[in-house]
Amino acid sequence: MEQPITISIDTTPVTVESGTTVAGAMISQGTTAWRSTRNNERPRGLFCGIGACFDCLVTIDSKPNQRACMVRVREGQQVVTDAAKERA
Ligand code: FES
(Lines give C-alpha, C1' and ligand atoms only; values in the text may rest on other atoms or scores of the structure.)
Protein backbone atom coordinates (compact mmCIF):
# COMPACT_ATOMS: atom_id res chain seq x y z
CA MET A 1 0.00 0.00 0.00
CA GLU A 2 1.25 3.45 -0.89
CA GLN A 3 1.96 5.92 1.88
CA PRO A 4 -0.05 9.16 2.15
CA ILE A 5 1.93 12.32 1.42
CA THR A 6 0.71 15.83 2.19
CA ILE A 7 1.86 18.72 0.03
CA SER A 8 0.70 22.31 -0.34
CA ILE A 9 -0.75 23.53 -3.62
CA ASP A 10 -1.22 27.30 -3.59
CA THR A 11 -1.32 27.08 0.25
CA THR A 12 -4.04 24.39 0.23
CA PRO A 13 -2.99 21.10 1.86
CA VAL A 14 -3.46 18.11 -0.44
CA THR A 15 -2.92 14.48 0.57
CA VAL A 16 -2.13 11.89 -2.11
CA GLU A 17 -0.37 8.53 -2.29
CA SER A 18 3.42 8.46 -2.51
CA GLY A 19 4.59 8.01 -6.08
CA THR A 20 2.01 10.45 -7.40
CA THR A 21 3.31 13.28 -9.56
CA VAL A 22 2.61 16.89 -8.67
CA ALA A 23 0.36 17.10 -11.75
CA GLY A 24 -1.50 14.01 -10.56
CA ALA A 25 -2.02 15.63 -7.17
CA MET A 26 -3.41 18.74 -8.82
CA ILE A 27 -5.77 16.79 -11.03
CA SER A 28 -6.91 14.71 -8.06
CA GLN A 29 -8.20 17.98 -6.63
CA GLY A 30 -10.08 18.84 -9.82
CA THR A 31 -7.54 21.37 -11.06
CA THR A 32 -7.06 20.85 -14.79
CA ALA A 33 -5.49 24.19 -15.77
CA TRP A 34 -3.06 26.29 -13.75
CA ARG A 35 -1.46 28.46 -16.42
CA SER A 36 -2.66 30.35 -19.48
CA THR A 37 -1.30 31.06 -22.93
CA ARG A 38 0.24 34.45 -23.65
CA ASN A 39 -2.18 35.06 -26.48
CA ASN A 40 -5.87 34.84 -25.65
CA GLU A 41 -5.16 33.47 -22.14
CA ARG A 42 -6.28 29.96 -23.04
CA PRO A 43 -5.99 27.38 -20.23
CA ARG A 44 -2.82 25.29 -19.87
CA GLY A 45 -2.07 22.44 -17.51
CA LEU A 46 -1.36 18.76 -18.08
CA PHE A 47 -1.01 18.14 -21.82
CA CYS A 48 1.59 15.53 -22.81
CA GLY A 49 2.20 14.10 -19.33
CA ILE A 50 5.70 12.95 -20.33
CA GLY A 51 7.82 16.05 -19.89
CA ALA A 52 7.88 17.13 -23.52
CA CYS A 53 5.52 20.10 -23.86
CA PHE A 54 6.25 22.27 -20.78
CA ASP A 55 2.57 23.19 -20.45
CA CYS A 56 2.49 22.08 -16.81
CA LEU A 57 5.14 24.39 -15.31
CA VAL A 58 4.86 25.29 -11.63
CA THR A 59 7.12 26.55 -8.88
CA ILE A 60 8.13 23.77 -6.46
CA ASP A 61 9.89 24.63 -3.21
CA SER A 62 10.84 28.06 -4.62
CA LYS A 63 12.31 26.57 -7.83
CA PRO A 64 10.42 28.02 -10.81
CA ASN A 65 9.61 26.28 -14.09
CA GLN A 66 9.38 22.72 -12.79
CA ARG A 67 7.37 20.27 -14.89
CA ALA A 68 4.55 19.09 -12.64
CA CYS A 69 4.17 15.89 -14.67
CA MET A 70 7.78 14.87 -14.00
CA VAL A 71 8.14 15.62 -10.28
CA ARG A 72 6.88 13.17 -7.67
CA VAL A 73 5.33 14.46 -4.48
CA ARG A 74 7.43 14.70 -1.33
CA GLU A 75 6.15 15.35 2.19
CA GLY A 76 5.83 19.07 2.87
CA GLN A 77 6.43 20.13 -0.74
CA GLN A 78 5.24 23.65 -1.59
CA VAL A 79 3.73 24.02 -5.04
CA VAL A 80 2.78 27.45 -6.39
CA THR A 81 1.00 27.91 -9.70
CA ASP A 82 1.16 30.88 -12.07
CA ALA A 83 -2.55 31.36 -11.44
CA ALA A 84 -1.87 31.93 -7.72
CA LYS A 85 1.00 34.31 -8.48
CA GLU A 86 -1.30 36.36 -10.70
CA ARG A 87 -3.93 36.56 -7.93
CA ALA A 88 -1.35 37.79 -5.39
S1 FES B 1 2.41 18.01 -19.40
FE2 FES B 1 3.87 18.24 -20.98
S3 FES B 1 5.70 18.62 -19.89
FE4 FES B 1 4.26 18.25 -18.34
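Since the model is a prediction, treat every value here as computed from it, not as a measurement. Each ligand, and each atom within it, is numbered from 1 in the order the structure gives.
The closest donor-acceptor contact from the side chain of Thr21 to the backbone of Gly24 lies under 3.5 Å. The backbone N or O of Arg44 sits nowhere less than 3.5 Å from a side-chain atom of Arg35 that would complete a donor-acceptor pair.
Set against the non-hydrogen atoms of Gly49, the atoms of ligand 1 under 4.0 Å away are 1 (S), 2 (Fe). The contact set between ligand 1 and Phe47, taken as ligand atoms under 4.0 Å from a residue heavy atom, comprises 1 (S). Every atom of ligand 1 with a heavy atom of Leu46 under 4.0 Å away is listed here by number and element: 1 (S).
Atom 2 (Fe) of ligand 1 does not have Cys69 among its coordinating residues (no N/O/S atom, backbone or side chain, under 2.8 Å). For residue Cys56, no N/O/S atom approaches atom 2 (Fe) of ligand 1 to within less than 2.8 Å.
In terms of protein heavy-atom proximity, atom 3 (S) of ligand 1 is closest to Phe54 N, 3.2 Å.
Within the 4.5 Å cutoff, the side chain of Met26 has heavy atoms near those of the Thr81 side chain. Side-chain atoms of Leu57 and Gln66, non-hydrogen and from C-beta on, never get closer than 4.5 Å to each other.
We find the SG-CD1 distance between Cys56 and Ile27 to be 9.5 Å, quoted to the nearest 0.5 Å.
The pair Asp61-Arg74 counts as a salt bridge, with a side-chain nitrogen and a carboxylate oxygen less than 4.0 angstrom apart.
Looking at Ala52 against ligand 1, only its backbone comes within 4.0 Å, counting heavy atoms.
Nearest to atom 2 (Fe) of ligand 1 by heavy atom, out of Gly51, Cys53, Gly45, is Cys53.
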